[in-house]
Each structure stands twice: as C-alpha cells, then as structure tokens.
J.: 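Take this structure first; my questions come after.
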Amino acid sequence: MSTRADTPTCTDTPTRAHRDPDSRAWFGVAVVRNSWRALTSMRTALVLLFLLAVAAFPGALLPQRSLNRNLVDQYFADYPAIAPVLNDLGFFDVFAAPWFAAIYLLLMVSLVGCVLPRTVEHASALRAMPVATPRNLERLPHHGTAVLDAGLDEAAGRVRGRLKGWRVREEDDGAGRTFSAEKGYVREAGNLVFHLSLIGLLVGFAAGKLFGYEGQVIVASGGGQFCNTGILGYDSFRAGLRVDGTDLAPFCVRVDDFRAEYLPNGQAESFDASLGYQSTEDLEAGRVDEWRYFPLAVNNPLRLEGNRVYLLGHGYAPRFTVTFPDGQQRTGDVQWRPVDQVTLLSEGATKFERPGVTDDEQRRTTQLAVTGLLAPTTSGGDLVTSVFPALRDPEVAIDVLRGDLGLDDGRGQSIFQVDRAKVDSGELVRVARANLLPGQATTLDDGTVVRFDGVREWVSIQVSHDPGQNAVLVFAVLMLAGLGLSLSIRRRRFWARLTSVDGGGTAVEIGGLARTDRAGYGEEFDRLRADLLQTPEKDA
Amino acid sequence: MLTEFALYSDRLFMAAVGVYVLAMILHGLEFARERSENALLVGAGGPPTPEPPAPAPLPPARPATAPRVRADRFGRMAVALIVLGVGLHIVSIVLRGVSAERWPLGNMYEFTSMICLTAVVTWLVVLRRSPAMRPVGLFVLLPVVILLFLGGTVLYAQAAPVVPALRSYWLVVHVTTISLSSGLLLVPGTASLLFLLRRSGRFASLAQRLPGADVLDRLAYRTTIIAFPLYTFGVITGAIWAEAAWGRFWGWDPKETVAFVAWVIYAAYLHARATAGWRTGSAAWINVAGFSMIIFNLFFINMVIAGLHSYAGLG
Ligand code: HEM
C-alpha cells in the first residue's frame, strides 16, 4: 500500500505529464534537466546528508587548527608521516575545507531545488479541492460500510457535521451524495518551513563568518582598561573574511575588581569581575569620564550594541621592583600564565631594561629578566609548588637573568618566556636564584636589588562580534517549529459515499488513506467510523 | 547530612542496577522457557498416544501450557522488577540533586544515569501501549545495564557542586533535554537492530520470539520522531548556552561536531523513511548509526578527546 502514500519526494515522482515530450528533442536541455532532477531528487539529498555526516566526522577526531593549534603541532610531531598528507587534504581545517563546502553547497542547492517547487505546489494544493471520491472505497486501507436509519439529507448532514475542520468537497453523483475530505495540510507547511529555515540558518551562519570577529585580551584587575579601537589592542584576534579591523565599533571597558571563590578542595565555584564600561554612544557623546557598571561573570557576558564581552579566564601578575646600584628604580607587573589550572601555579618572565643606558652594546649586557614560578598559595617547601588556586600565601621561585634579552632582534617573543637561544648561547646568564615571599628581595652581584612586592590579578576577556547570530536563532526556532509540525501532523484523506436504500435509510460507505507515513491514522479512522456508522466494526 | 544523601543515592543507584539485572535474567528465563515449550510442542506434535487421560478436546495443550504460563510469569515478574528499578532509580537521581544542592545533571555519571532512566521509562510506556513487545525488554535492558555499569564505575563522580561554567539555568534546559532525547533514542536504536536481526534470518531461534519486523520498524520510527525534535531542541539550547558561556554559539568543538553528525544522521533516517527503496532496511541501518553516534559522543568524545565539554567530571 505504501506506493499510494504521497511521499515527500521532489523529482522522485514520475516525470510530470504536462511536460511536452517534444522538448526532449533538445538534448542539452534534457541533460541539464536530468542532472537537475537527479541533484534535487530525494535519493541524492540522502546521499549528500550521509556524506555531510562522514565529512564532518574527522573534524571531531583530528585536532583542528581553528580550535587548538598546539594540538595540531603535536600531531605533526607524533605522526610525521601522515600528518603532512592529512594537512594537504585539509583534515586539520575540516570545516574550511573545499570538499566540506562542496558537500553542503550541493546539499543546499538540492534543498532549494526541492523545496521551492514544493512550496509552489503546496500553495496550489491549499487552494485545490480534495480529490474526487474513488469508485471503489473497499480497496483503501481503512474502510467501512453500514446502512443508517436516516434519510439521505439527514445522513449527509451528519457526515458534514463530523467533518468539521476538514477540507470537504461534497458532490451529488446522481445515485446519492459523495464527500471527499482532506486534513493535515499543516504537515507540508511545517516541512517547508523546516527546510527553508535551514537555508536561512546557513545564510546567517555564513554572515557571521564573513562579518564577525573575535578577539582576546588580558586586562589587569584593579583598574586596567581596554578599548575596542583596533586589532592591535588585542593579544589575539580572529577576523571574519570581510573584516580588516578598520571599523570596529569603539567601546571601552575597565576591570575594577575580580573575585574568585573556591571550594575547600580548590575547585572553582565562581568568577566575578566588576566592570566599568563606556558604550559607543557614550564615547560618541563625549561622556568619557563616566563608567557604567556591569557585573561580568562566566555565563553573564556584557552585551553591547553588536558586541559581547566575555570573562574567559584569570591569572596572576607578580610585581617586582628592581633597584639599580645607582638608586634608580623600575617596577614591572606583566601577567604570568597558569601552568596548572587546578592550583594556578603560574610561570612567566618579567623583563627590565636598565634606565639611562643609551649605548646599544651596554644595553645588551644589562637587560634583566625575572623568570620562574609563582605559587598563589605556596606549599612552603624549598621547591615552590602551589596547593591552592586563591591568592592566600603567595611565593615566587625566581631566576634572575642578565644579558641580552633579544628584544632588539626584531623577532616577536613570548611575554611569558625568555629567548632560550640567548640562554644557550651564553648571552643571557643566570645571576641569581631565590624563593621570595612578598616584601623579600634578593641582591645581585653588582648590588642590584630585585624585590617581590606582591601580586595583582588579571582577567582575560573576549570580545565577540557576530552580526548573523540573531538571524540564526530565529531560523533555528522556526526550524524546530516546522520540524515539530511536520512530524506530529498526518496528512490524511477521507471519503464517504451515501446512497438511499430502497426500504428507507441510507447506505454509507467510508474509506480513508493516510498520505504520509502509514503509522497512526487507524485510531482516528476508527473513531470516525464509530461516529458515522455507529458500528464499532473493526478496521479491515 | 548531605553526604548521607549522596551515600543513599549511590546505594539506590546500585540497587536499581541490581534490580535491572534481575529483570534481565527473568527475561532471559522467559526466553529459555519458551524454547523448552517449543521443544515440548514438537514432541507433542507427534503421535498423540502417550497422552495422559486428559480432557479430550485439548490433548497437546497440557504439556505446553505449564511452561508457557511459567514463561509468562517470568516475563511479568521482569516487568514488575523494571518498575521497581525505575522507582529506585528516580529516588537515586533526586537524592543526588539534594545532596549536591543542584540539578542532578552536572557530570557524566549523572548524565548517563538520566539517559538510562529515560530509556527504561520509555520502554515501560511502549509496553503499556503494546504488551506484545515484552520480549524486546531483554534487549532494551542490556545496553541500559552496560551503560549504568560504565556510568557507575568509569564515569563515576562524587556528588559535588559544579564549576562556574555550569552554573546556569541552561544546564537544566540543555542537559535535561539532551539526556531525555538520548534515552528515548536508545529504544529505536535497539528496535532497529532487532529489526535487522529479524530480517537477516540469522539467530532464528532467538529472532522468532521477537515481535514482527514491521512492529519493530514502527516502534523505531514512532519513537524517533518524538526524540529527534527534542534532540534538536537540546542542541539549539546548547548553542544558546554556548553563546553565553563560551563566546560563540557554534565553534565545531568535538562534542558539537559529533552532535551535528548525529543530527544529520537522524535527518537522513527521516528522509530515508520517505524515499522509496530505503524505507525499511537502509533506514534501520541509519537509525542504528545515529544511536552509535550518540553513544560515541557520550564516551569517546568525553574521555579521549579534550574539548570545551570536558568538565564532565572525569580526571
Ligand atoms: C553548540 C553548543 C552545544 C552543543 C551542540 C552541545 C551538545 C551536547 C550534546 C550532544 C551532549 C550530549 C553528549 C553526550 O552524549 O555526552 C551534551 C551534553 C552536555 N553539555 Fe552540551 N552542547 C553545547 C553547549 C554546551 C554548553 C555551553 C555547556 C556548558 C557550559 C554544555 C554542557 C553540557 C553538559 C554538562 C552535558 C552533559 C554531560 C557531558 O556529557 O559533558 N553544553 N551537549
């Protein structure tokens, strides 16, 4: 029976009868038409869906550059033989790979080619009358007959009344009355909404990829500021394909305070930052001295016009004061980075130049770096480790290096490390090693004093801009609504033929057919039968 | 006080698993009995001479009835035990929430427990509507028990508060709907697998006792069309949460990617159901593939591949 059910195929349906057979003579058109038909056929869509799933899968199994560059490098180190091959094939950037794009674009074309004609068809089906009553209702999957003790008009009235909510076509066929009725048009509407929304969702997603950006920056707690004025302000920045960073919407934030709460076992319980901010309007209106307050937290981003500001992480910046033999002082408190996410043991390198030195040669022998580990809550042993992530009892274990830091080499260097090559070549020499508590100092051979003053906290924030995301949300909700309708509603047909019988009374014959998946029309039909025929006869 | 609740929760969890295992054994006995009944039927099908003087109209019924009744009794007991197991299971999850003072879906142990509860409850609903399905119970319980066992051992995590990233009402919406839909999908996954078994003609002695292929197929389809929109909703709410927690609504994090793959596979299932020639056999394979992806996401992605979802309470 399933062949009768109108399956939502696109061009799986036989060639439409109204096509002029002569046009087939034009071979080229036929080829194009046939391949179009093949592309928009249900079977192709199915194959493409399957391919899409298969193609996305390596994106979960293999490290992806867009997520974590280091893991990709690690993979290269671990599998030197196959990594370059995978790389050439785009397996470390699956979602930007041409083959991935090819699959979803074909799928989209197939979808459009399938859905647009169906939308037109559905629009006309909405206006059309239900199909005429088949001659032989017995052949239908649902069927019933009875002779009612009522006149033709009364019986017809009863059928009419029972078919409220159905689209009904009632006809006089000479011998009696026929009804043909159909219900569940919303199923197809839901189905179309679902598929069209899918396209909308993809367009919104693409817009985000083209015009969006994402930047991270570290800001010191206790008054550090950041303004979204250009790419250079960021520590890292990922620009959409159409973003060159020249017209970011300007706004400023200031991190006034940061608080982290931990459970006794060191697990983080909450992170909160008190933020001051100035929106684009504030800046344009010249209100540069006023700061609005916002409680920034994980799961609670600051939402500005077009931009969102997130609290991503936090860490510590030890503060060192170097007193040179001539009495001059320099203070540094750059951020160090956590090496252990549980105890927040951190590492870093705070770099100094001796003030007043102008001679290049001399500069390159007197630069200082304070490197090592910072424990927010020290274990207290000789070997400094951290036992708790909060700043309870900080201690640093530092090496002081002197010499050429390589700052003039023109190569960018990590703010967290010294240039290893300089150490290996002997241009940078360790001149002291010490464990310091706040306030303690160590003195170098030339009388320079390095003091550990204390620790400041920093937070890393992310600024995100995605002009497509509202559209994506709207389409996602529409998609879900369409999906719900198309899966919960059944398109079904019902027919009745009423004929007067000789000895008075009316013979009623009814039949039903579910147009979509066979499941579930039976019970409803049973109810219709019971109501109309008053015979709880079992469904044939 | 609260740690006590956690202890009770753990014990009830174990009790529930034990009861499910018992139910499985009873279901197994039900199978075995039916087999011996068949054997007897074969014997009784021979010359009716060795009949004891029984009521004449039903000669072969006697020897056959007793095992059948017993098999039926085993089956009923199994179902009763499943109901009991569900009760224990529910209380275990509730106490977990009480002891941790939060929604009890904050790590993989709790998540797995919820998936299994949903699967079993779904199964009871199916049974209520079509009691003839009962022999399938064994095959629903089998993956449930395996998952619960892994959940209670490899994935187990102490009742504790969750990390800041999980402190959001979206936890309730997202993880609940995802676990409900995953649990629901276990039933069609099993049904499709049994459908394939039934059609393949192998393990005939086993397969014969299962409901007909079309019944299994319908069960798979009907449950999938309820679970799939729910799963879609779960993924969408995940994206909404990700927008608030991670700064973007979609970033192809491994868990997101596999969620996407599973979603596409279920979409393909629904399409296959509507395509001539794919409606049954291939569709069933696709459904099995879909559920494999759900399980893959649960275990492999959490345990082997690090991603943003990896605060799941391991390590
Ligand atoms: C696009 C975004 C997201 C998608 C597609 C997504 C998808 C999923 C899926 C498919 C699962 C079930 C996986 C399994 O079987 O283990 C899951 C579980 C879970 N998700 Fe999400 N999710 C998203 C965002 C989030 C966010 C932002 C959070 C919290 C910050 C989150 C927290 C969880 C938790 C706690 C679980 C259950 C335990 C676990 O397996 O880790 N999800 N998510």
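Every chain is numbered from 1, with letters handed out A, B, ... down the list of sequences.
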J.: So do the side chains of B:Thr232 and A:Met479 get within less than 4.5 Å of each other, counting heavy atoms only?
T.: yes
J.: What are the two closest non-hydrogen atoms of B:Ala244 and A:Tyr310, and how far apart are they?
T.: O-CE2, 3.4 Å
J.: For B:His271 versus A:His195, what's the shortest heavy-atom pair and its separation?
T.: NE2-NE2, 3.6 Å
J.: B:Gly251 and A:Leu67: which non-hydrogen atoms are nearest, and at how many Å?
T.: O-CD2, 3.4 Å
J.: I want to check something: taking the side chain as every heavy atom from C-beta on, are A:Phe95 and B:Thr257 in contact at a cut-off of under 4.5 Å?
T.: yes
J.: Taking A:Arg43 for the side chain and B:Thr275 for the main chain, is one N or O donor matched with an acceptor at less than 3.5 Å?
T.: no
J.: When rounded to the nearest 0.5 angstrom, what distance separates OH in B:Tyr269 from CG in A:Leu49?
T.: 15.0 Å
J.: So which of A:Leu263, A:Leu480, A:Val54 has the largest heavy-atom pair count under 4.5 angstrom toward chain B?
T.: A:Leu480
J.: Checking heavy atoms, do the side chain of B:Ile236, its backbone, both or neither come under 4.5 Å from chain A?
T.: side chain
J.: Atom CZ in A:Arg303, atom CD in B:Glu243: separation rounded to 0.5 Å?
T.: 4.0 Å
J.: Would you confirm whether the ring centroid of A:Phe57 sits within less than 6.0 angstrom of the ring centroid of B:Phe296?
T.: yes
J.: With a 4.5 angstrom heavy-atom cut-off, which part of A:Ile461 approaches chain B: side chain, backbone, both or neither?
T.: neither
J.: State, to 0.1 Å, how close B:Pro254 and A:Ala60 come at their nearest heavy-atom pair, and which atoms those are.
T.: O-CB, 4.0 Å
J.: Atom CH2 of residue position B:Trp285 - does it have more than 12 heavy atoms of other residues, nucleotides or ligands inside 6.0 Å?
T.: no
J.: Name the region of A:Gln462, side chain, backbone, both or neither, that has any atom closer than 4.5 Å to a heavy atom of chain B.
T.: side chain
J.: Quick one: what part of A:Tyr262 sits under 4.5 Å from any heavy atom of chain B, side chain, backbone, both or neither?
T.: neither
J.: So do B:Phe249 and A:Asp466 actually touch side chain to side chain, heavy atoms under 4.5 Å?
T.: yes
J.: Of all heavy-atom pairs between A:Asn299 and B:Ala165, which one has the smallest distance, and what is that distance?
T.: ND2-O, 2.8 Å
J.: Between A:Val472 and chain B, which part of the residue has a heavy atom less than 4.5 Å away: side chain, backbone, both or neither?
T.: side chain
J.: Side chain, backbone, both or neither: which part of B:Trp170 has an atom under 4.5 Å from a heavy atom of chain A?
T.: neither
J.: Nearest heavy-atom pair of A:Gln267 and B:Val163: which atoms, and what distance?
T.: NE2-N, 3.5 Å
J.: Using non-hydrogen atoms and a 4.5 Å limit, figure out which bit of A:Glu214 sits close to chain B: side chain, backbone, both or neither.
T.: side chain
J.: Is there a donor-acceptor pair closer than 3.5 Å between any side-chain N or O of A:Ser464 and the backbone N or O of B:Gly247?
T.: yes
J.: Out of curiosity, A:Asp93 CG to B:Trp252 CH2, how far, rounded to the nearest 0.5 Å?
T.: 13.5 Å
J.: Quick one, A:Glu269 and B:Arg167 - any side-chain contact, counting heavy atoms below 4.5 Å?
T.: yes
J.: With a 4.5 Å cut-off on heavy-atom pairs, point out which of B:Ile265, B:Ile225, B:Leu270 contacts chain A the most.
T.: B:Ile225
J.: Would you give the length of the straight line joining atom CZ of B:Phe260 to atom CG of A:Leu52, rounded to the nearest 0.5 angstrom?
T.: 4.0 Å
J.: Does the side chain to side chain contact (heavy atoms under 4.5 Å, CB included) test come out yes or no for B:Phe300 and A:Leu61, once each step is laid out?
T.: CA-CA 10 Å; B:Phe300 195 75; A:Leu61 293 183; 3.7 Å; yes
